[in-house]
A.B. asks: 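Got a structure for you, written out below as structure tokens; questions coming shortly.
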Amino acid sequence: MIADDLAAVRERERTAISLSTARIAVCSAAGCISTGGAAVKDALGAAVIAHNLSGSVRVLGTGCLGLCHAGPLMRVTRGDAEPVLFTKTTPAFAERVIAGLPSGVLPLEQRCDLQQPFFTRQHRIVTSDAGIVDSERIEDYLAAGGYTALERTLAELHPEDVVREVSLSGLRGRGGAGYPTGLKWSTVAKAAGHGTFIVCNADEGDPGAFMDRSVLEGDPHRVLEGMAIAAYAVGAEQGYIYVRGEYPLAITRLKTAIRQAERMQLLGHRILDSQFNFRIDLRIGAGAFVCGEETALIASIEGKRGMPRPRPPFPAEAGLWGRPTLINNVETYANIAPIILHGGAHYATLGTERSKGTKVFALAGRIVNTGLVEVPMGMPLGEIIFDIGGGIPDERQFKAAQTGGPSGGCIPAAHLDLPVDYEALAGIGSIMGSGGLIVMDETSCMVDVARYFMEFCRDESCGKCVPCRAGTVQMHGLLTKMTHGTATDRDLALLEQLAELTTRTSLCGLGQTAANPVRSTLRHFHDEYLAHIHDHVCPAGVCAMNGEDPR
Amino acid sequence: MSVTTLTMNGTLVSAAEGATLLAVAREHHIPIPTLCHFEGLSEVGACRLCLVEVEGSNRLQAACMTKAVEGMTVTTNSETLRSYRRQIVELLLAERNHVCAVCVANHTCELQNLAVSMGVHHVRYEPQAPQLSMDASHPRWILDHNRCVLCTRCVRVCDEIEGAHTWDLMGRGRHTLVISDLHEPWGQSESCTSCGKCVRVCPTGALFEKGTSATNKDPHFVTYLKMAREQKLWNR
Amino acid sequence: MESLTRPRVATVWLGGCSGCHMSLLDLDERLLDLAERMHLVYSPFMDIKQFPEHVDIALVEGAVANEDNARLLRLVRSRTAVLVAFGDCAVAGNVTALRNPLGDPMPVLARSYGTDTSRIPGVGANAGSVPPLVPKVHMLRSLVAVDYYLPGCPPPADLIFFVLSELVAGRTLNLQSRATLG
Amino acid sequence: MSKTITIEPVSRVEGHAKITIQLDDQGHVLDTRFHVLEFRGFEAFCEGRHFQEMPAITSRICGICPVSHMLASADAGDRLLAVEIPDTALLLRRVVNLAQIVQSHALSFFYLSSPDMLLGYDADPATRNVLGVARLNPELARRGIRLRQFGQSVIDIIAGKRIHPSWAVAGGVIAALSPEGRDLILAGLPEALATATSTLEWFRGALDNHTMEVDTFGHFPTLFLGMVSPDGTLETYGGRLRLMDATGTIIADQLDAKAAKALLAEQVEPWSYLKSPYYAPLGPVDGAYRVGPLARLNVADRCGTPLADEELHRFRARASGPVLASFHYHYARLIEILYGLERIGQLLDNADALGTDILARASRNRTHGIGMSEAPRGTLFHDYTVDENGLITRLDLLIATGQNNLAMNRTVTQIAKAFVDDAHLTEGMLNRVEAGIRAFDPCLSCSTHAAGTMPLVVDLVAADGSVLQTLSRPS
Amino acid sequence: MATAAALPTKAPADNRLKMLDAAMTRHRHQPDALIEILHTAQELYGYLDLDCLKYVGRCLKVPPSRVYGVATFYNVFTLKPRGEHTCVVCLGTACYVKGTATILSALEREHHLEVGGTTPDGTLSLVSARCLGACGLAPVLVFDQEIAGRVTAETALARTRNWMEQP
């Protein structure tokens, strides 16, 4: 397929859309599916046929619409009218919507106010296709301008130009560490010889994070396109997507998307009739958090135990099978097409001095609007939680926001005005992380939260290096003692010492950050620790404090 | 072969190009403790005992895997490093059931010797006391998981020198275990050649010979064997 | 009285084999010389039944295996200025703690006394005449603060002599790499 | 009003024990109990370990007689290998066992019991100890210390470590004796022998002051069990067992460990961690037996060394048949020291002593093996059952002190009835009760490891002492 | 065919083996396909038994100990057959904050199970997941293949009890 054919497909699809009287998008991300979204979509399809509307009404399964707690969500667009969003829909409700379409009367209840801050304060780049593009149809993606960036790249840009645009955008790795993407690309591009690989890290491991899942499920082509552009930029012909086995829907949609893209010559041999070849294979993760660490991920793609190795050498120099390997995460790749389309400089107008663009967050925990949001970098944390997130339910008090999962930290109320930015978060002992943002109120005990994360790291430690394997065990033991009310000041000192040890001496990122939740809670909630140790009291009333010897 | 010059603990030292910091230190008799490192086997950088400070980097580097670079300034023995090393040894001692007193490797154990050299007289961490088994199915040797430090020397020597790959690791984290074949009794292993190299390289009493109350290991043998094979040097 | 100026020394035996005390006796005649420099106020070799007040130095052998051990250890700690964990059992649990991997002591006891709990010493109603076992054998450090650690199974007599000589002379102990577990 | 007197801890014994004495309304002794307070669970945690590790692990049962455990364990290991160990190995094991008997007996006599005899039972408890002895009779104390030191140094020279050596293994031993080592040992013998003979002389002289103790410190008939050689001479390692009754009649002779153990059963009292073995055919009352120095000297025809045999003659003159007074454990102990020293000299004078064939190598050839040694306190059995890989599936230890448990309980009652009177209770009276226990030189850290795998009889005893119910378990 | 010659005698000679062989052929019997093939084998057989591991190792030229090492490193793989029904409890942070630990212990108590275990009658396996990525609906459980959000201990127990009563 060449550019002209692609243009024809787009034209055909756009015409079909313009001829339709209504487009009804049902959120088909895992969240809404678990509350019955699939049945709603089936009911819509059946009703369309029953009402003889097949020619004019299009039903799509689409990416995450954001308000997960209110699913299944349904978005109805009619001509140029403002779209309407319905929450908590059912098959019966779907029938009513379709029945009302010919007369133009839609149900009044279950409408969601699209002017509330949750929608108006977001800035959607990565998630812009949600509600517009059917997750399983490449034609939809093409009609929405998909693969234009790849087309332009192959037609107009040298690989160095691509790297320059990405560098110019200021994009930083969205997987958590925030390494400048352009710099990484240029390192890989400079690494000599053929046989370079590119990898998409879709092993979204942080508990409480589901941004990548939503992107993969809702807009898989966006990721494929970003990877193809990256492959062109660094001279790779083979790519892997390492996706969590726990995301079956994402895997299915990716498989479909790859097949579609290959059929249209957007992947595979001589893409768009250029000299550029690039194929993508899926690798299914098997449940090991440590495989989010890039050297462990590489080992896993090679079919081995996911055990990290020391860096240097970095994967950019010696990665998969010893070859230079570019590894980025899902959200990073999802940002590439817009950067190429609108220019790196345009992208860089969003965000802060050192953190550009937008960030997708998964809001969860004790917050009204649990779900997925995309905001410009630099938005104060408090705005995300209270304006967009709707604040804390049940008239409780905000206590902490946890970012970065087991590698991150807990941010207290005193820092709610902090702009969300890599450096700012690191400055108060947390990290941006991949985007999980879990809100806690006074019903959460921070010592128990630290213990929870330590248990996670203990169980997910690969066991290779001593400080991580054995240090997490000991720290977990000490934290457990604290939550049982049997710890002493000496235990607290040991905990602090071990936290330093694992941070400084562990082999990989998992161990190096395993103590972050401990360190940040020690820093911001020291009095809670002292209450457990000195007064044998759990202020949140979570810990049993029964004085039993933990074992 | 070109030569690199670097500073180690304030002294200028020379190094062959591509040499690791550990090799440079050993050549100049600068002690750096190691446990997973074994001359002649690949490096894994797992024990973290050989971590050193490299000026200009806030990350500690494993001396066994870091190449000497011209002009590098390295500290191998700061108070911080010593404290970390002691903690690592203590963590290992608390992890499984290291009862030196009744161990075949008492006084020949590398872990115990590390503890002695670092002045580790006691362990501040709670002993985990896991319930672990022994595999005595092999006619000559015993594997006692209670004393294993998961250094993987046995795994590597079996794979890299003997070429049998009888050993590997199963499970992960604190549940990691050295296994033979499909976690079958060692004595029933189809791949084991009974060469005994794993026993020779084991730093503790985890792998030992039946019928001995003290193990007489010869860890240099494997290094010697590798030299003999690859360089035709039969120098002991 | 002269003995008032000499440091008051006690040796205590908790759950262990007494090998450390035997090694102390292996000081042989040096023990008599040492006795001139200290005032031995409590020891298994003596007939003092109550651990005395105001002890300067206590060498505690053995791990905490039963409730009596725990009680005595806490008493020793409260009445002693310098507490030395004497030997591997006190330092690290050692052989005495070998039962810990088996978990709860009940199966261990049942192995020796049968499964009828009414017939097992130290259990239930039988706890009065013999002390019940603690669920898990502890090294001293797990229960009380320890000032010095003197490892070894047993610690060699020369090392005991060095340690006692230093402590009796009021010096701070520095064992560096002189001592080892095992 | 009845009341209970508790002596806790029993001091100057090797272990943790207490004694309770129940008095009736009139203050007369009603009942006594000897409680062993410690339990460590070797039988349980040794399961799954390899039998060849047992000499090192089981020697940690006891710091006083680790050698006995090491040797009994190695002996059990020999059976599992189904080998006969080299002559040199057997000879050296014997020497080391004798050395331990010497040091342990010296410990018992000089460190633990001599304060009573020298300073008196009623002396100030604060000084009634070895340091008190040293002040009163420095020469005696120093000689005692040096005698023990000699025993320990023999162990050190041959086995490489004074306490908890890892030297004897299944099939033999791991280190031969050097000529220098032998010479060093032989050079130390004369002084040790001189100490032994002079102490015996002193003891004999002091005996006249202790007729009361001789009569009350456990003076009663029991059976006696001890090791002899094929010709009936005293032996402490590698011999066979002889069982004799209180009249001197040999009930059984030349039993190997397996045959001997088959004759024994044990009962459990919930008030003590120490179980009480007895000679099964006669039941727990009549089947009570004593082991240790007194028993060994009673059952043996002779010591087989000149000085010891001379002294044995004097010893036997104290009774018409076997010596029944437990107080004479002390006497027997001193004779055994003499015997041990002489025998060490004899053994080392043998060319085999410096042999280098010391280890018979074999793999496991049996799944069950019982080994034994004569520990200072008496016969010690190690009974191992292993799987095809040699991992222990059942470990059963029958320890010397345990075998004296019935006798010790009776002794406590006898002394308490003789000395304890509520009307005027003195510390010295209570000390006599303890001293009676001390005569047995109980090693309580050893004694809490006998396992319940023998035919077991459990007596449910009511508060009044009557047996309410008897439970038994087949072997 | 080489694979047929290497067929372990105990391996069932049914369609599933053909499908497994096909999957390996698709990956050209490359060792690096090990994890992919284990996924396939587990999908086919429900779990990975030793014969299967041995067979896969032989076909992919991977030593047995490495196959076993990989199969036990990853949480998804199970070497024991799962129960007829599986209840997955999400222990992700959002679910934890909203109390899944309580639900889990209620299930453990009710069915006398520990996480990872299966009831003796083979009806129910209890499994935990570190995060199912459905945090917006926390606490989340999966009953067989079906995700359920905002679960309480009562609703969870109702589901599992139902299974136990009508296996």
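Protein chains get the first letters and strands the later ones, always in sequence-line order, with residue 1 at the start of each.
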A.B. asks: Checking side chain to side chain contact (heavy atoms under 4.5 Å, CB included) between E/Pro64 and each of B/Asp168, B/Leu182, B/Thr166, which is the one that passes?
C.D. replies: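 Only one of B/Asp168, B/Leu182, B/Thr166 forms a side chain to side chain contact (heavy atoms under 4.5 Å, CB included) with E/Pro64, namely B/Leu182.
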A.B. asks: Need one label for B/Leu169: side chain, backbone, both or neither, based on atoms under 4.5 Å from any heavy atom in chain E.
C.D. replies: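 Backbone of B/Leu169 only, per the 4.5 Å heavy-atom cut-off to chain E.
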A.B. asks: Please check if atom CD in E/Glu114 has more than 12 non-hydrogen atoms from other residues, nucleotides or ligands closer than 6.0 Å.
C.D. replies: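 It does not: E/Glu114 CD has 12 such atoms or fewer within range.
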A.B. asks: Working to the nearest 0.5 Å, report the span between CG of B/Leu177 and OG1 of E/Thr72.
C.D. replies: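 So the gap between those two atoms works out to 9.0 Å.
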A.B. asks: Tell me which of these, E/Ala71, E/Gly57, E/Pro63, has more heavy-atom pairs under 4.5 Å with chain B than the rest.
C.D. replies: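 Option with the greatest count: E/Pro63.
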A.B. asks: Grab the two heavy atoms, one from B/Ser180 and one from E/Ser65, that are nearest each other, plus how far apart they are.
C.D. replies: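 Nearest pair, atom of B/Ser180 first, then E/Ser65: C-CB, 4.5 Å.
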A.B. asks: Got a second to check how far E/Leu50's CG is from B/His183's NE2, nearest 0.5 Å?
C.D. replies: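 It comes to 10.0 Å.
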A.B. asks: Kindly give the heavy-atom pair with the smallest separation between E/Tyr68 and B/Asp181, and that separation in Å.
C.D. replies: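 Shortest heavy-atom contact: CB-O, 4.0 Å.
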A.B. asks: What's the verdict on side chain to side chain contact (heavy atoms under 4.5 Å, CB included) for E/Asn75 and B/Arg172, showing C-alpha distance, side-chain angles and the deciding distance?
C.D. replies: CA-CA 10 Å; E/Asn75 280 352; B/Arg172 69 173 185 223; 3.1 Å; yes
